[in-house]
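Here is the structure we will look at, set down as structure tokens.
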Amino acid sequence: MSFKLYIFDLDGTLLDLGNIRDYAEKIFTLTLNTLKAPKIPDKEERLKFWLAGKDFIKILDKWGISEPHNFWKTYDKIDFEQRKVLIKQNKIGLFNDAKEILRKIYNNSNRLAIVTNTTGYVVEYILKKFNISEFFHEIFCMGPEIDEAFAKPSPRGILSILRNFNYNHKISKALMIGDSIVDIIAAKKANISSCLIKRQFKIETKSYNQWEYQPDYVIESLNELIYL
Ligand SMILES: [Mg+2]
């Protein structure tokens with residue numbers, strides 16, 4: 001383990017939501033229905049939305065959503081209820097390789113953090129439910145004061161964690177581990193190393209070598225982290 005600071009993404013990296021794209025799309029459609037969207041936009045439009053960052057309001061406006069500012073609040077609520085049900089049904093859980101590697105990294109006197117685009121109360125619930133809160137020294141998630149402008153691919157979450165750790169890249173090394181292009185972009189922009197974890201259901205990571213920003217490492221199991 002040549003890194004001192006390990007920053008993990010949550011959904012799709014530690015937490016197994018099954019086919020995460022399908023899951024997000026389902027919550028997304030329920031949210032649009034709740035907000036009385038005139039129509040459900042096509043696949044291409046929706047993809048633009050997921051990558052829009054702080055410009056998401058403009059897209060929602062274009063789609064005719066009357067209260068676009070309420071979008072994420074509504075989305076989070078629906079997401080939270082859905083997760084609680086699926087956890088109860090054992091359809092959502094930690095990946096098999098998650099807990100043990102967190103323990104190993106932690107026991108090796110390293111620092112651990114989470115940077116996620118998921119909202120704070122959902123993250124807190126998940127970490128408690130699966131008994132992994134103790135491993136993380138810092139958590140950066142979405143909340144009332146932290147909006148989409150801070151979400152990955154923005155590096156602001158990672159930079160905030162680095163600041164809190166008084167991180168000095170001349171002394172130690174930090175690694176961002178995630179299952180999405182946004183994790184890799186955020187890490188590059190924050191000037192730390194990045195590691196892509198390829199998960200079974202994740203179709204878009206199959207063509208990761210065509211991404212504009214390339215991960216420094218690619219793994220298929222979190223257990224491989226101990227060799228990096
Ligand atoms: Mg993810």
Side-chain angles (χ1 to χ4, degrees), residues 6-28 46-47 49-53 56 72 75-76 79-80 82-83 86-87 91-99 101-102 105 112-127 129-130 132 135-136 138-143 146 148 150-158 160-161 174-190 192-208 211-222 224-225:
Y6 292 78
I7 305 175
F8 286 89
D9 164 54
L10 182 62
D11 295 344
T13 297
L14 298 173
L15 188 71
D16 186 1
L17 292 151
N19 186 331
I20 198 162
R21 175 68 76 190
D22 283 358
Y23 176 81
E25 289 286 344
K26 185 178 164 192
I27 306 297
F28 182 71
R46 294 201 302 262
L47 186 65
F49 174 83
W50 288 118
L51 296 171
F56 77 98
W72 286 113
Y75 181 99
D76 290 341
D79 178 26
F80 191 37
Q82 186 70 16
R83 284 187 198 225
L86 293 175
I87 287 171
K91 288 181 184 158
I92 289 183
L94 293 182
F95 281 104
N96 289 337
D97 55 4
K99 207 163 185 173
I101 191 73
L102 292 175
I105 294 173
L112 289 91
I114 287 181
V115 172
T116 172
N117 287 355
T118 299
T119 205
Y121 64 87
V122 178
V123 175
E124 200 183 319
Y125 180 86
I126 298 288
L127 298 187
K129 191 85 196 164
F130 296 108
I132 54 170
F135 298 126
F136 297 102
E138 291 279 341
I139 292 163
F140 185 95
C141 41
M142 297 298 111
I146 302 170
E148 276 51 50
F150 290 81
K152 295 173 286 185
S154 163
R156 289 165 82 172
I158 297 176
S160 148
I161 295 282
L175 181 67
M176 171 82 215
I177 305 112
D179 67 315
S180 296
I181 187 168
V182 294
D183 300 308
I184 306 306
I185 298 173
K188 291 281 159 177
K189 288 187 173 168
I192 64 168
S193 300
S194 61
C195 176
L196 176 71
I197 170 97
K198 286 173 81 183
R199 294 297 194 190
Q200 193 191 350
F201 287 116
K202 197 87 181 186
I203 297 159
E204 58 267 41
T205 48
K206 291 204 168 86
S207 54
Y208 76 88
W211 293 352
E212 189 188 343
Y213 294 87
Q214 285 296 303
D216 299 295
Y217 306 95
V218 180
I219 57 175
E220 292 189 3
S221 157
L222 292 177
E224 295 171 53
L225 287 175

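Since this is a predicted model, take the numbers as computed values, not measurements. Every number for a ligand or one of its atoms is a count from 1 in the order of the listing.
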Quiz item: Listed by chain and number, what are the side chain to side chain donor-acceptor pair (under 3.5 Å) partners of Asp16, not counting sequence neighbours?
Solution: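 Residues passing side chain to side chain donor-acceptor pair (under 3.5 Å) with Asp16: none at all.
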
Between atom [atom1] of [X] and atom [atom2] of [Y], what is the distance when rounded to the nearest 0.5 Å?
X	Y	atom1	atom2	answer
Met176	Phe8	CE	CZ	9.0 Å
Cys141	Ile126	SG	CD1	12.0 Å
Lys198	Ser221	NZ	OG	13.5 Å

Practice problem: Could you please give the number of protein N/O/S atoms within less than 2.8 Å of the Mg ion (ligand 1)? | Solution: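 That number is 3, waters not included.
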
Exercise. Please determine if Arg199 forms a cation-pi arrangement with Phe95, meaning its NZ or CZ atom is less than 6.0 Å from the six-membered ring centre and no more than 45° off the ring axis.
Key: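 So Arg199 does make the cation-pi contact.
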
Self-check item: Nearest atoms (heavy-atom pairs only) where Ile158 meets Ile192
Solution: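 Smallest heavy-atom distance, with atoms named: CG2-CD1, 3.7 Å.
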
